[in-house]
Amino acid sequence: MDAIYRPEIIEPEAQRHWDEKQAFKAVEDTSKAKYYCLSMFPYPSGKLHMGHVRNYTIGDVLARYHRMKGFNVLQPMGWDAFGLPAENAAIANDVAPASWTYANIDYMRGQLKRLGLGVDWERELATCKPDYYRWEQWLFTRLFEKGVIYKKMATVNWDPVDHTVLANEQVIDGRGWRSGALVEKRDIPMYFFRITDYAEELLSGLDDLPGWPERVKTMQRNWIGKSFGVEIHFPLAERHQTGGEVLKVFTTRADTLYGVTYVAVAAEHPLATRAAAGNPALAEFIAECKQGSVAEADLATMEKKGMDTGIRVYHPFTNEAVPVYVANYVLMGYGEGAVMAVPAHDERDFAFAQKYALPIKPVVKPVAGELTLPLSVAYVEQGILFDSGDFSGRTSQDAIEKIALVLKALNLGERRTTYRLRDWGISRQRYWGCPIPIIHCPTCGDLPVPAEQLPVTLPEGVKIDVGSPLKRMPEWSNCVCPKCGGQAERETDTMDTFVESSWYYARYACPDLTTGMLDGRANYWLPVDQYIGGIEHAILHLLYARFFHKLMRDEGLVSTDEPFKNLLTQGMVIADTFYRDLPDGKKQWLNPADVEQRNGAWVLKADGQPVLAGGSEKMSKSKNNGVDPQSLIDQYGADTARLFMMFAAPPEQSLEWSDAGVEGAHRFLKRLWKMVYEHVEQGVVSAYSGGESTEPLTDFRRLLHQTIDKVSDDIERRKQFNTAIAAIMELMNAMAKLEGDDALTRGVRQEALEAIVLMLAPIVPHICRILLKALKPGACLIASPWPTVDQAALVRNEIELMLQVNGKLRGKLKVAVDAAKDAIEQAALSSPEAQKHIEGKPVKKVVVVPGRLVNIVV
RNA sequence: GCCCGGGUGGCGAAACAGGUAGACGCAAGGGACUUAAAAUCCCUCGACUUCGGUCAUACCGGUUCGAGUCCGGUCCCGGGCACCA
């Protein structure tokens, strides 16, 4: 064994060794329990950033740990290779998206291998390859025929200067990021997945996922947004006849029906369009509402505006006329695109009514007490109805039931359950994505591409500028109708990249399959036992993947209901952002590595000129604040990078990036190396295996086995690696104090070092491989089992209790481990520390918490 | 704006089920070794203190013998909001 720790030598050697042995090749084996450990695959943005290192190290620690515990482990890796950044890079650097993407994949694969991940690289896949996306297209055609996919109009961000559709990210302050033009909303035809058909199952299925973090399930529940309410019809004619025209609204607060003072409809609502026909001012307002982005965050924060349509509807019970407003805050896509407004009992309606001097009519008061009138804020709680006709005096809950019944009898509404969840629009007017396998025939309509003609291959090597080149490639889009044989055209839109990432976890089971999407191997490996990824995917990706799993199940492709049994959502690695304002009003984002602080101000290192700080955000390409781990790995090695990342914070917590402490992690590995070196230099010894002992050795062995117990629990149950590492550090500190070179002491030291090396192996595998071979010549790390706890070593006779008087710590008390409660009380009361603070005052009671403390209350 | 998290020493954090606040590490200061430096090793390290203690887990209030942990409210930071992935 070398006296000096040299990661630059031992790490490549270990990686070469594992490669040659195919150490991490996963083979289906029904004789062993399987463990499918999956980290979310990366988008090949160019270089790894610290968030990737965190994600993949967590996954690798869990995979290697379970391997040591005897599981048949699968840990694959691949590339989420379609997407917008490739098009942006292609425009900026005048390269084809495909070659940019493949070059990034090659570079990042090298970086991942350098991290020493225990990945089965034979299963690697890239979603931009036809052998992957052809099965996505195949499933699409089946779902299209089944009616799970349909076409309808949808609103997008339209850049009127570049004549292109913009992603929400590309709209900055209501303007296109490249052109600077004011963005407009535009309706275009798109394909949709009927995810709302699965809303109920997606919601109830969350209850069967005990291995998911509660916060993720809460977010998904809120996103699906099941609400029980009442659909209410407001007739358009004063003397309503059954079958006459009505305006439908949905509300969860039917109890406030008598407080309705206006009805608000979305700008796209047919009633608004009708009213605008003879009203230029209204038409102009509706046009104004159609400006700006479609993002909900923008809609929700903009100024609430509205305009009277002049149309009146009639209250279903009182027959009073109610004005219909067009309001920019009403969403066409939710409910009926119309809401009944009750200013007295809804904050948003209250503000709107005040702005437009509309009446505010309270009809619900608290169960105990009265409303102070006039209202200064909306009263939004439920309560007791008043001024509500026959319903006055009823509770809100009761009134909702009764009102629904009466409406039903009048044929003017009924109880209804709605979901906030909307169908999933997957059409993208972009080039670098999976082509939607549809053929448009002027005589036969929209037809799915026949299975034998799949895949519809995306032409690579295409140069692009603004917009999708597919729309300008008739040689690609012209085709023959599979039904009538006439001249037809291919769909030129591509799919949302969330579609690819919704099923890749299943394809890893059989990435080489050329005759189908999935085979029986998928049912061996699925569900994923442990899924690890950023919390930013809590809703969209994880919901879409759950949905897709159910679609595949209903096609008979998989046999389970849910794809991911256990989920670990790692916190974001965030870093400062810096920028400069460019003359054209755009921002130039600068990497934190190129920026430094001089005299209290941030400047660019290159030119010394000031830059602006933009706050901390998750590391991303768009904000250029990713920190490349490469220099860290080059300088200290992969083990140090892994150890440092795992020690910095618990996985679920967000982590502000700082490299302070890297030295410490490296120092720890050097210390470990030295400790093993000095031990083995004295000759081979076998580990302590029972028999005689001394008090210090018994105490040390108790700590050793407590540590094994704690580290196992930290990794397996708590998935908290920082405390596992801290416990091992404590153990090593205690061992450093252990004196003597006699055979007994050296045997205990051998036992401890073997355990330490094995416990650290999932985190820092390269160094542990060498250290284990030094400790036990001929031993193979990746075939070694996890250390076991010697229960006998844990036994103790005496414990220390905290002694409190009135909840304040006053001393400590040593008692026998099996001491009776009375004896503990007596010992506590008679102790000098307690006597001193009792000062003769009467003792009210004594609280004894077994194994913890005694509290004397005076 | 809405939904979900978070806030503890100079810094990253620990305290797992309401029971010793600050484990472990970083930085800093002091010392040993060295011609010197690096490396390594040892010690100190929340604030105040009359050296008895007192205060302290973003802020305000509550429950409890006892609150970083539970409840109500406020402020700040991060994630998501359906076309970034």
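Bear in mind that the values here come from a model prediction, so they are computed numbers and not experimental data.
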Which base sits across from B:rG1 as a Watson-Crick or G-U pair, both distances under 3.5 Å?
B:rC81
Determine the contact category for A:K808: base if any of its heavy atoms lies under 4.0 Å from a base atom, sugar-phosphate if only primed atoms, P, OP1 or OP2 are that close, otherwise nothing.
sugar-phosphate
Counting side-chain heavy atoms from CB outward, which of B:rU54, B:rA82, B:rA14 is closest to A:L540?
B:rA82
Look at all strands and tell whether A:S620 reaches a base, only sugar-phosphate, or nothing, counting heavy atoms closer than 4.0 Å.
nothing
For B:rA15 and B:rG52, measure between their C1' atoms and round to the nearest Å.
28 Å
Give one of base, sugar-phosphate or nothing for A:W223, where a contact means two heavy atoms less than 4.0 Å apart.
base
Within less than 4.0 Å of OP1 or OP2 of B:rC83, is there a side-chain N or O belonging to A:R428?
yes
Nucleotide of B:rC83, B:rA82, B:rA13 approaching A:Q653 most closely (side-chain heavy atoms):
B:rA13
Give one of base, sugar-phosphate or nothing for A:K674, where a contact means two heavy atoms less than 4.0 Å apart.
sugar-phosphate
Which part of the nucleic acid does A:A295 contact within heavy-atom distance under 4.0 Å: base, sugar-phosphate only, or nothing?
sugar-phosphate
Span that lies between the P atom of B:rG25 and that of B:rC33, in whole angstrom
25 Å
Looking only at side-chain N and O atoms, does A:D423 offer a donor or acceptor that is under 3.5 Å from a partner on A:T196?
yes
Should A:R718 be listed as having a side-chain N or O under 4.0 Å from OP1 or OP2 of B:rA15?
yes
With a non-hydrogen cut-off below 4.0 angstrom, is A:Y329 in contact with a base, only sugar-phosphate, or nothing?
nothing
Checking all strands, does A:V165 fall into the base, sugar-phosphate, or nothing category for heavy-atom contacts under 4.0 angstrom?
base
Once you apply a heavy-atom cut-off of 4.0 Å, does A:N733 come out as touching a base, just sugar-phosphate, or nothing?
sugar-phosphate
Sugar-phosphate only, base, or nothing, as touched by A:F647 at under 4.0 Å among non-hydrogen atoms:
base
No-hydrogen, no-angle side-chain donor-acceptor test under 3.5 Å, A:T723 and A:D714
yes
Regarding A:M729, tell me which of base, sugar-phosphate or nothing describes its non-hydrogen contacts under 4.0 Å with the strands shown.
sugar-phosphate
Only pairs with both distances under 3.5 Å count, Watson-Crick or wobble alike; so what is the partner of B:rG52 in this structure?
none
Closest-nucleotide ordering on RNA chain B, the 5'-leading residue of A:E617 and A:K304:
A:K304
So what does A:V846 touch, heavy atoms closer than 4.0 Å: a base, only the sugar-phosphate, or nothing?
nothing
Measuring only between side-chain heavy atoms, which start at C-beta, is A:D576 closer than 4.5 Å to A:E656?
yes
With syn defined as a glycosidic angle within 90° of 0 and anti as the rest, where does B:rG30 land?
anti
Choosing from B:rC24, B:rG19, B:rG79, which nucleotide comes nearest the side chain of A:E730?
B:rC24
Syn/anti label of B:rG29 as read from its glycosidic torsion, with the cut at 90° from 0
anti
Give A:L84 one of three labels, base, sugar-phosphate or nothing, depending on what nucleic acid heavy atoms sit under 4.0 Å from its own.
sugar-phosphate
B:rA58 to B:rG10 separation - P atoms, rounded to the nearest Å:
13 Å
Ignoring hydrogens and geometry beyond distance, is the side chain of A:N855 in donor-acceptor contact with the base of B:rC65 at under 3.5 Å?
yes
Selected nucleotide, minimal atom distance to A:R667 side chain, candidates B:rC24, B:rA27, B:rC83
B:rA27
Which nucleotide in the set B:rC65, B:rG25, B:rG78 lies at the smallest distance from any side-chain heavy atom of A:I574?
B:rG78
Are A:R221 and A:E214 within salt-bridge range, i.e. N to O under 4.0 Å?
yes
Checking side-chain polar atoms at under 3.5 Å, does A:D493 have a donor or acceptor matched by the opposite partner on A:Y191?
no
Pick base, sugar-phosphate or nothing for A:M190, based on heavy-atom distances below 4.0 Å to the nucleic acid.
base
Can the ring centroids of A:F352 and A:Y329 be said to lie less than 6.0 angstrom from one another?
yes
Any donor-acceptor pair under 3.5 Å linking the side chain of A:W673 with the backbone of A:D2?
yes
Closest to the A:R810 side chain, choosing from B:rA82, B:rA14, B:rG53:
B:rG53
Determine the contact category for A:A538: base if any of its heavy atoms lies under 4.0 Å from a base atom, sugar-phosphate if only primed atoms, P, OP1 or OP2 are that close, otherwise nothing.
nothing
Using a distance-only criterion (donor-acceptor N/O pair, under 3.5 Å, no hydrogens), is the base of B:rC83 paired with the side chain of A:Q429?
yes
